Amino acid sequence: MAKGKFPVEKLQSIQTPFYYYDTELLRQTLQAIVGEARKHEGFVVHYAIKANANPKVLRFIREAGLGADCVSGGEIEASVKAGFPSNKIVYAGVGKSDWEINLGLDQDIFCFNVESIPELEVINELAAAKGKVARVAFRLNPNVGAHTHANITTGLAENKFGIAMHDMLTVIGEAEKLSNVKFVGLHFHIGSQILDMGDFEALCNRINELQDELERHRIRVEHINVGGGLGIEYTHPNRVPIPDFKSYFDTYAKKLKLRNGQTLHFELGRAVVAQCGSLITRTLYIKEGATKKFAIVDAGFTDLIRPALYQAYHKIENITSEEPVESYDVVGPICESTDVFAKHTDLNKTKRGDLLAIRSAGAYGEIMASQYNCRKLPLGYMSDEL
């Protein structure tokens, strides 16, 4: 079985479970993003903090020159602490509280991505109290489906996100009536873990239609924000460690009809950090069942919830064994039947004490960890600090 490169001797001495981040792969991924985006005039990339807010990971991303996409006040605080410039921070979210809006105003962030007229009115009121003018983009729901898991589709009319397209002119008109907000752009996001470029083409077509309509009303938009959504290869992380950023950016360059001077913003998360991260867990017991073997490990869905929440696949490798392959159900210690990482998965023969690497876990892994069952949160380590 092909395996990733892990410094097994060093990892053996660390208390499990923990997250291990391949620093070199993160650098290479960031170089690919920046290199491909630079080929297209006006492309600006923000990193979606919700994917992974480990301070050491954020430092690498900030040093690469990406901006920050935040969906909470806590993420704004994490971005500022990591050194992201305020003028590269965008703030989205369907339910922004007053303190979060005030934080964004105090930090003079680049833009609020607004999802309703009531939210717009609150931002205007809070900005007025500070004597400021808040830049806003309206998140429109394009009613574009994405070929991905139902729980991470966000661009359909039935989803809670965004403003209906038929209300676009109304909300822009409302913004023009308010003194302490400035309409600067349109924001879209159709979902996550998208591998079919046709989904992004459909979004481009919808945006082209909306821009044509706006121009008929003599409304010009400075910034278009298409969100993120680019997926990764969970099945073969060693074979495809870096997503196809060229096809992703080229799709928008070819299909989206930007106007002169318009800036196109992206909010990539999973595609930036997923493949560089692995959850390292130690085998506690091998339990022989009537029809199967269970590899019981010390990590649970408190450490990586994606398999339980989304039925997500993560490749699992025994990084301490070269013995012949056997089939196991890899399960955790949580007192829930859903605490299963994989069923009928092939691993090199596994025994108590072996280290397993649950791959492609750099996104929505450490950041979604919980303390259910009074468990400790997992720590994260960068490869260059071991």
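Quick caveat: nothing in here was measured; it's all calculated off a predicted structure.
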Requested in this report: Could you tell me whether the side chain of Ser383 reaches within less than 4.5 Å of the side chain of Glu24, counting heavy atoms only?
Outcome: no
Query raised in the report: Could you give the distance from CD1 (Ile117) to CG (Asn124), rounded to the nearest 0.5 Å?
Result: 12.5 Å
Query - Shortest non-hydrogen separation from Thr235 to Tyr313 and the atoms involved - result: CA-CE2, 3.7 Å
**Report entry** Contact check, side chains of Val221 and Gln211, non-hydrogen atoms, under 4.5 Å
**Finding:** yes
Report task. To the nearest 0.5 angstrom, please state how far the CG atom of Leu284 sits from the CD1 atom of Ile296. Result -> 7.5 Å
**Report entry** Steps toward side-chain contact (heavy atoms from CB on, under 4.5 Å) verdict (Thr345, Val330)
**Finding:** CA-CA 8 Å; Thr345 192; Val330 180; 3.7 Å; yes
Report task. Run the salt-bridge test on Arg59 and Glu63 with the 4.0 Å N-O cut-off and return the result as yes or no. Result -> yes
**Report entry** Pair Lys254 + Glu201: basic N to acidic O under 4.0 Å
**Finding:** no
Report summary line: Result for salt bridge (Lys or Arg N to Asp or Glu O under 4.0 Å) between Asp212 and one of Arg259, Lys257, Arg206 points to Arg259
Report task. Just do the side-chain hydrogen bond (donor to acceptor under 3.5 Å, both in side chains) check on Asn52 and Tyr47 with the steps written out, would you? Result -> CA-CA 10 Å; Asn52 188 321; Tyr47 167 65; 5.0 Å; no
Query raised in the report: More than 12 non-hydrogen atoms from neighbouring residues, nucleotides or ligands closer than 6.0 Å to NZ on Lys349, yes or no?
Result: no
**Report entry** Closest heavy-atom pair and its distance - Arg220, Asn260
**Finding:** NH2-O, 2.5 Å
Query raised in the report: Roughly how far, to the nearest 0.5 Å, is the CG atom of Asp354 from the CD atom of Glu323?
Result: 8.0 Å
Query - From CA spacing to verdict: side-chain contact (heavy atoms from CB on, under 4.5 Å), Ile224, Ile207 - result: CA-CA 9 Å; Ile224 300 292; Ile207 295 173; 4.3 Å; yes
Report summary line: Nearest heavy-atom contact between Tyr19 and Ala361 is CE2-O, 3.4 Å
Requested in this report: Please find out if less than 6.0 Å separates the ring center of Phe6 from that of Tyr20.
Outcome: yes
Query raised in the report: Is there side-chain contact between Ile49 and Val71, with heavy atoms separated by less than 4.5 Å?
Result: no
Query raised in the report: Does the side-chain contact (heavy atoms from CB on, under 4.5 Å) test come out yes or no for Ile358 and Ile280, once each step is laid out?
Result: CA-CA 6 Å; Ile358 304 178; Ile280 308 298; over 6 Å; no
Query raised in the report: Looking at residues at least two apart in the chain, or sitting in another chain, which of them share a ring-ring contact (aromatic ring centres under 6.0 Å, His included) with Phe188?
Result: none
Query raised in the report: With a distance cut-off below 6.0 Å to the six-membered ring centre and an angular limit of 45° from the axis, does Lys96 pair with Tyr91 as a cation-pi contact?
Result: yes
Report task. Would you sort out whether Phe341 and His314 count as a ring-ring contact (aromatic ring centres under 6.0 Å, His included), showing the intermediate values? Result -> CA-CA 8 Å; Phe341 289 114; His314 286 264; 8.4 Å; no
**Report entry** Closest non-hydrogen atom pair, Leu120 against Val114
**Finding:** N-CG1, 3.9 Å
Requested in this report: Report yes if some heavy atom in the side chain of Glu222 is under 4.5 Å from a heavy atom in the side chain of Thr263; otherwise report no.
Outcome: no
Query raised in the report: Which distance, rounded to the nearest 0.5 Å, do you find between the CG of Asn205 and the CG of Leu256?
Result: 9.5 Å
Report summary line: Taken in chain and number order and not counting sequence neighbours, the residues that satisfy side-chain hydrogen bond (donor to acceptor under 3.5 Å, both in side chains) with Arg218 are none
Query raised in the report: Does the separation of the ring centres of Phe183 and Phe138 fall below 6.0 angstrom?
Result: yes
Query raised in the report: Do we get Arg352 above Tyr285's six-membered ring, with its NZ or CZ under 6.0 Å from the centre and within 45° of the axis?
Result: yes
Query raised in the report: In terms of heavy-atom contacts, does CD of Glu385 have more than 12 from other residues, nucleotides or ligands at under 6.0 Å?
Result: yes
**Report entry** Separation between CZ of Arg239 and CD of Glu233, rounded to the nearest 0.5 Å
**Finding:** 7.5 Å
Query raised in the report: Is there a ring-ring contact (aromatic ring centres under 6.0 Å, His included) between Tyr381 and Tyr21 once you walk through the steps?
Result: CA-CA 6 Å; Tyr381 299 89; Tyr21 298 107; 9.3 Å; no
Query - Evaluation steps, side-chain hydrogen bond (donor to acceptor under 3.5 Å, both in side chains), between Glu267 and His187 - result: CA-CA 10 Å; Glu267 298 168 343; His187 177 227; 3.1 Å; yes
Query raised in the report: Out of Thr320, Ile319, Leu347, which residue meets the side chain to side chain contact (heavy atoms under 4.5 Å, CB included) rule with Leu356?
Result: Leu347
Requested in this report: Flag the pair Asn225 / Val44 as yes when at least one side-chain heavy-atom distance between them is below 4.5 Å, and no otherwise.
Outcome: no
Query raised in the report: Does CD belonging to Glu41 count more than 12 external heavy atoms closer than 6.0 Å?
Result: no
**Report entry** Leu66 side, atom CG; Phe84 side, atom CZ - distance, nearest 0.5 Å
**Finding:** 7.0 Å
Query raised in the report: Take atom NZ in Lys132; do more than 12 heavy atoms of anything else shown fall under 6.0 Å from it?
Result: yes
Report task. Walk me through it: do Glu75 and Lys50 pass the test salt bridge (charged side-chain N to carboxylate O under 4.0 Å, His left out)? Result -> CA-CA 7 Å; Glu75 290 189 0; Lys50 70 175 184 174; over 6 Å; no
Query raised in the report: So Phe301 and Met368, side-chain contact (heavy atoms from CB on, under 4.5 Å) or not? Walk me through it.
Result: CA-CA 10 Å; Phe301 71 47; Met368 294 182 77; over 6 Å; no
Report task. State, yes or no, whether a side-chain contact exists between Ser321 and Thr350 at a heavy-atom distance under 4.5 Å. Result -> no
Requested in this report: Give a yes or no on whether Lys130 atom NZ has more than 12 heavy-atom contacts from other residues, nucleotides or ligands under 6.0 Å away.
Outcome: yes
Query raised in the report: With a cut-off of 6.0 Å (strictly less than), are more than 12 heavy atoms of other residues, nucleotides or ligands near CD of Glu336?
Result: yes
**Report entry** More than 12 heavy atoms of other groups within 6.0 Å of Lys182 NZ
**Finding:** no
Report summary line: Exactly one candidate in Lys292, Lys287, Lys343 meets salt bridge (Lys or Arg N to Asp or Glu O under 4.0 Å) with Asp329; the answer is Lys292
Query raised in the report: With sequence neighbours excluded, what pairs up with Phe266 under the ring-ring contact (aromatic ring centres under 6.0 Å, His included) test?
Result: Phe43, Tyr248, Phe249, Tyr252
Query raised in the report: Are Lys39 and Asp250 within salt-bridge range, i.e. N to O under 4.0 Å?
Result: no
Query - Lys351 and Asn318, any side-chain heavy atoms less than 4.5 Å apart - result: no
Query raised in the report: Would you call Arg139 and Ile163 a side-chain contact if the rule is heavy atoms closer than 4.5 Å?
Result: no
Query raised in the report: Pick from Arg359, Gln275, Lys5: which one makes a side chain to side chain donor-acceptor pair (under 3.5 Å) with Asn238?
Result: Arg359
Report task. Run the salt-bridge test on Glu36 and Lys246 with the 4.0 Å N-O cut-off and return the result as yes or no. Result -> no
Report task. Please report the shortest heavy-atom distance between Asp298 and Asp303, naming the atom on each side. Result -> O-OD2, 4.3 Å
